[in-house]
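Below you'll find the structure, written out as structure tokens, and then a few comments.
Counting begins at 1 with the first residue of the sequence.
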Amino acid sequence: HIPSSFQQYLELNRQNQYDAPICKILMSHSNLDMTPLFQCNLKLLPFVLAWFERARSCRDYVEESITKFERRELSALYQFIHGLPLLAASGFYKHMSTDAHSKKRKFDQCDK
């Protein structure tokens, strides 16, 4: 006799083989700890965002509201920003200064 939790996982493998690992992670872990990913600084943040985007297909299997799922996603993002505040801030300011420099260059070119 196979326990019902295993049957659920086997059924998930049959129905959604591609996303089954993501669904199983979400089913087993209510909070995802992002701290092991900090060793790569912010390089993995785009992959985390893509992972959560792909995980949206698991909402039917995980049996949680959209709000709860979005809270998990926001919690993961918060962990990155909270864990790496100087990198996040310097990336923001670098983007802002590059954008400002680009706008100034365009303005200077209009004067000629």
>> Before you tell me yes or no, could you show the steps for Val62 and Phe69 under side-chain contact (heavy atoms from CB on, under 4.5 Å), namely the whole-Å CA-CA distance, both residues' side-chain angles and the distance that decides it to 0.1 Å?
In response: CA-CA 9 Å; Val62 178; Phe69 178 83; over 6 Å; no
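If you chain together hydrophobic residues whose side chains sit under 4.5 Å apart, Ile66 and Leu32 never meet in one group. The same ILVMFWY cluster, assembled from side-chain heavy atoms under 4.5 Å apart, contains both Leu12 and Ile2.
Checked for salt-bridge contact, Arg56 and Glu73 meet the test: a charged N lies under 4.0 Å from a carboxylate O.
A 6.0 Å sphere centred on CZ of Phe38 holds more than 12 heavy atoms belonging to other residues, nucleotides or ligands. For Arg71, the CZ atom is loosely surrounded, since the number of other residues' heavy atoms within 6.0 Å does not exceed 12.
Taken from SG in Cys58 to CD1 in Ile25, the straight-line distance is 9.0 Å, to the nearest 0.5 Å. Taking OH of Tyr18 as the reference point, atom CG of Asn13 lies at 15.0 Å (rounded to 0.5 Å). Here the CD atom belonging to Gln39 is positioned 8.0 Å from the CG atom belonging to Leu44, to the nearest 0.5 angstrom. Note that OG of Ser4 and OH of Tyr9 are 10.0 Å apart. Values are rounded to the nearest 0.5 Å. Atom-to-atom distance recorded for Leu45:CG and Leu37:CG is 9.5 Å, nearest 0.5 angstrom.
Note: His82 and Tyr78 have parallel aromatic rings, judged against thresholds of 30 and 60 degrees for the angle between ring planes.
Using a distance-only test at 3.5 Å, with no hydrogens or angles considered, a donor-acceptor pair links the side chain of Arg72 to the main chain of Leu26. In this structure, the side chain of Gln79 engages the main chain of Met34 through a donor-acceptor pair within 3.5 Å.
Shown here for Ser65 and Lys68, the closest heavy-atom pair between the two residues is OG-N, 3.1 Å.
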